[in-house]
Amino acid sequence: MSQEQWTAIDEYLNQHYAPPDPILEGALKNAAEQGLPAIQVSPLQGKFLMLLAQMQGAKRILEIGTLGGYSTIWLARALPPNGQLITLEYDAKHAAVANQNIKAAGLADKVTVRVGPALMTLPQLFAEEQGPFDFFFIDADKANNTAYVQWALSLGRAGSVIVVDNVIRQGEILHAQSEDPAVVGTRQLHEYLAHEPRLSTVALQTVGSKGHDGFVIAIINRV
Ligand code: SAH
Ligand code: DHB
Ligand code: MG
């Protein structure tokens, strides 16, 4: 199987399960026009996240890594009328584009973008007692993923779901000698999760238009 085939199959599946959506396409167009990198989740991955959040019955969602708000819009669509999503973004320009896209999606009343490095904004959320969040999507700088999962444990509750993106990295995670901070951080994350008794965790490989990658999916155990 090749990237060409994975992309063709994603296109076939998109036609069935993620047909053209003017709001999501407008968000991608706006982000591209303003020079943001096209590293958002794929349409099928976005729908997967939405369905996971719906299955969880999530009323409060915390996302780490907003970019232009593409995954944010998918996740916010899983919320009930009184639901809330907070999304954390380091780059003020990304946050501004995301705010435009969230507004255009009619989700401004449910979504708040917090600008700053997540290792600064997460303790602020904790101090403000913004938790517990029911669902976490972690998709920012991969070097800090272990810290982000630990923050999710502090800001979650028994039964909260934690999803982490990009945990396979085209198979790069097999390279124990890698000096790529994203690979080092991802290998640290898997080591940490393997020994974290407060979580039940799995990692799943994915292929598609974004190549070969994967998600960690974890649930905070009832003690
Ligand atoms: N979740 C988005 C993609 C996020 S890309 C989607 O699928 O649509 C990763 C984002 O994380 C980028 O916008 C980047 O600026 C942001 N980021 C990187 N380091 C960060 C940090 N330390 N704190 C918060 N956000 C960070
Ligand atoms: C990158 C980041 C992501 O979150 C992703 O899904 C794909 C690529 C990146 O930094 O290159
Ligand atoms: Mg990602």
Side-chain angles (χ1 to χ4, degrees), residues 3 10 18 21 23-32 34-50 52-53 61-78 85-102 104-105 107 111-125 135-152 162-173 180-186 189 203-217:
Q3 179 60 59
D10 252 19
D21 177 313
I23 286 175
L24 290 165
E25 285 175 5
L28 292 182
K29 183 166 179 283
N30 186 35
Q34 300 194 57
L36 270 56
I39 55 173
Q40 68 281 339
V41 294
S42 73
L44 294 164
Q45 290 171 341
K47 187 156 182 189
F48 176 64
L49 293 172
M50 181 185 80
L52 280 181
I61 297 176
L62 179 61
E63 177 178 65
I64 308 177
T66 315
L67 192 64
Y70 183 79
S71 56
T72 314
I73 292 170
W74 277 110
L75 284 166
R77 286 178 174 179
L85 185 154
I86 298 176
T87 182
L88 309 182
E89 174 54 51
Y90 172 76
D91 186 308
K93 181 178 161 189
H94 295 184
V97 174
N99 273 319
Q100 293 162 6
N101 289 337
I102 289 157
L107 292 165
V111 178
T112 311
V113 184
R114 291 235 184 170
V115 184
L119 289 179
M120 302 290 291
T121 48
L122 286 162
Q124 288 167 8
L125 295 179
F135 192 97
F136 298 86
F137 180 49
I138 299 175
D139 189 23
D141 51 326
K142 313 311 176 189
N144 285 319
N145 267 345
T146 299
Y148 296 153
V149 170
Q150 289 169 335
W151 272 107
I162 303 170
V163 179
V164 188
D165 195 20
N166 310 118
V167 301
I168 304 296
R169 315 202 64 80
Q170 324 286 339
E172 287 289 310
I173 57 155
D180 177 345
V183 173
V184 174
T186 303
L189 174 72
L204 280 178
Q205 304 185 69
T206 57
V207 292
S209 58
K210 287 193 70 184
H212 176 206
D213 215 323
F215 292 108
V216 151
I217 301 177

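Atoms within each ligand, like the ligands themselves, are counted from 1 in listed order. Residue indices begin at 1 and follow the sequence shown.
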Practice prompt. Check ligand 2 against Asp165 and write out every atom of the ligand that is under 4.0 Å from a heavy-atom position of the residue.
Written response: 6 (O)

Worksheet item: Do any N/O atoms on Phe137 end up under 3.5 angstrom from N/O atoms on ligand 1?
Response: no

Discussion item. Before moving on, can you tell me the angle at the Mg ion (ligand 3) between the OD1 atom of Asn166 and the OD1 atom of Asp139, to the nearest 10 degrees?
Written reply: 90°

Worksheet item: Which residue holds the protein heavy atom closest to atom 5 (S) of ligand 1, what is that atom called, and what is the gap in Å?
Response: Ile39 CD1, 3.6 Å

Worksheet item: To the nearest 0.5 Å, what is the distance between CG (Leu49) and CG (Leu44)?
Response: 11.0 Å

Worksheet, complete the sentence: Check: of Asn166, Asp213, Ile39, min heavy-atom distance to atom 9 (C) of ligand 2 comes from Ile39

Response to the item:
Among Leu49, Asp165, Asn101, Asp141, the residue with a heavy atom nearest to atom 22 (N) of ligand 1 is Asp141

Worksheet item: Tell me, which N, O or S atom in Asp165 is closest to the Mg ion (ligand 3)?
Response: OD2

Worksheet item: Is Asp139 close to ligand 1, meaning an N/O of one under 3.5 Å from an N/O of the other?
Response: yes

Worksheet entry | Nearest heavy atoms of Ser209 and Gln3, plus distance in Å | O-NE2, 3.6 Å

Practice prompt. Using a strict cut-off of 4.0 Å, indicate which atoms of ligand 1 neighbour a heavy atom of His94.
Written response: 12 (C), 13 (O), 15 (O)

Worksheet entry | Where ligand 1 meets Ser71 - atom numbers and elements under 4.0 angstrom, heavy-atom basis | 1 (N), 2 (C), 6 (C), 7 (O), 8 (O)

Discussion item. Can you confirm whether Phe137 sits close enough to Thr87 that some side-chain heavy atom of one is under 4.5 Å from a side-chain heavy atom of the other?
Written reply: no

Worksheet, complete the sentence: For Tyr90, the atoms of ligand 1 under 4.0 Å from one of its heavy atoms are 17 (N), 20 (C), 21 (C), 23 (N), 24 (C), 25 (N), 26 (C)

Discussion item. Only heavy atoms of Lys142, strictly under 4.0 Å: list the atoms of ligand 2 that pass.
Written reply: 3 (C), 4 (O)

Discussion item. Residue-level breakdown please: for Trp74 versus ligand 1, do any non-hydrogen atoms fall below 4.0 Å on the side chain, on the backbone, on both, or on neither?
Written reply: neither

Worksheet item: If you count the atoms of ligand 1 from 1 in the order shown, which ones are under 4.0 Å from a heavy atom of Tyr70?
Response: 8 (O)

Worksheet item: Would one find an N or O of Gly65, backbone or side chain, under 3.5 Å from an N or O of ligand 1?
Response: yes

Discussion item. Closer than 4.0 angstrom, basic N to acidic O: yes or no for Lys47 and Asp21?
Written reply: no

Item to complete: Give the contacting part of Thr66 toward ligand 1: side chain, backbone, both or neither, where contact means a heavy-atom distance below 4.0 Å.
Response: backbone

Response to the item:
For Pro117, the ligand 1 atoms with a heavy-atom partner under 4.0 Å come out as 23 (N)

Worksheet item: Is Lys210 reaching over with its side chain to a backbone N or O of Ile39, donor-acceptor style, under 3.5 angstrom?
Response: yes

Worksheet item: Is there a heavy atom in Gln40 that sits closer than 4.0 Å to ligand 2?
Response: no

Discussion item. At less than 4.0 angstrom from any non-hydrogen atom of Gly116, what atoms of ligand 1 do you find?
Written reply: 23 (N), 24 (C)

Worksheet, complete the sentence: Ranking Glu89, Gln40, Lys93 by closest non-hydrogen atom to atom 14 (C) of ligand 1, top hit is Glu89

Worksheet item: Side chain of Asp141, backbone of Ala143: donor and acceptor closer than 3.5 Å?
Response: no

Worksheet entry | Close side-chain approach of Tyr90 and Thr66, heavy atoms under 4.5 Å | no

Worksheet item: Should Asp91 be counted as touching ligand 1, given the test is an N or O pair under 3.5 Å?
Response: no

Discussion item. Quick check on contacts: which atoms of ligand 1 are under 4.0 angstrom from a heavy atom of Ala118?
Written reply: 21 (C), 22 (N), 23 (N), 24 (C)

Discussion item. Regarding ligand 2, does Lys210 bring an N or O atom to under 3.5 Å of one of the ligand's N or O atoms?
Written reply: yes

Worksheet item: Just which atoms of ligand 2 are under 4.0 Å from any heavy atom in Asp139?
Response: 3 (C), 4 (O)

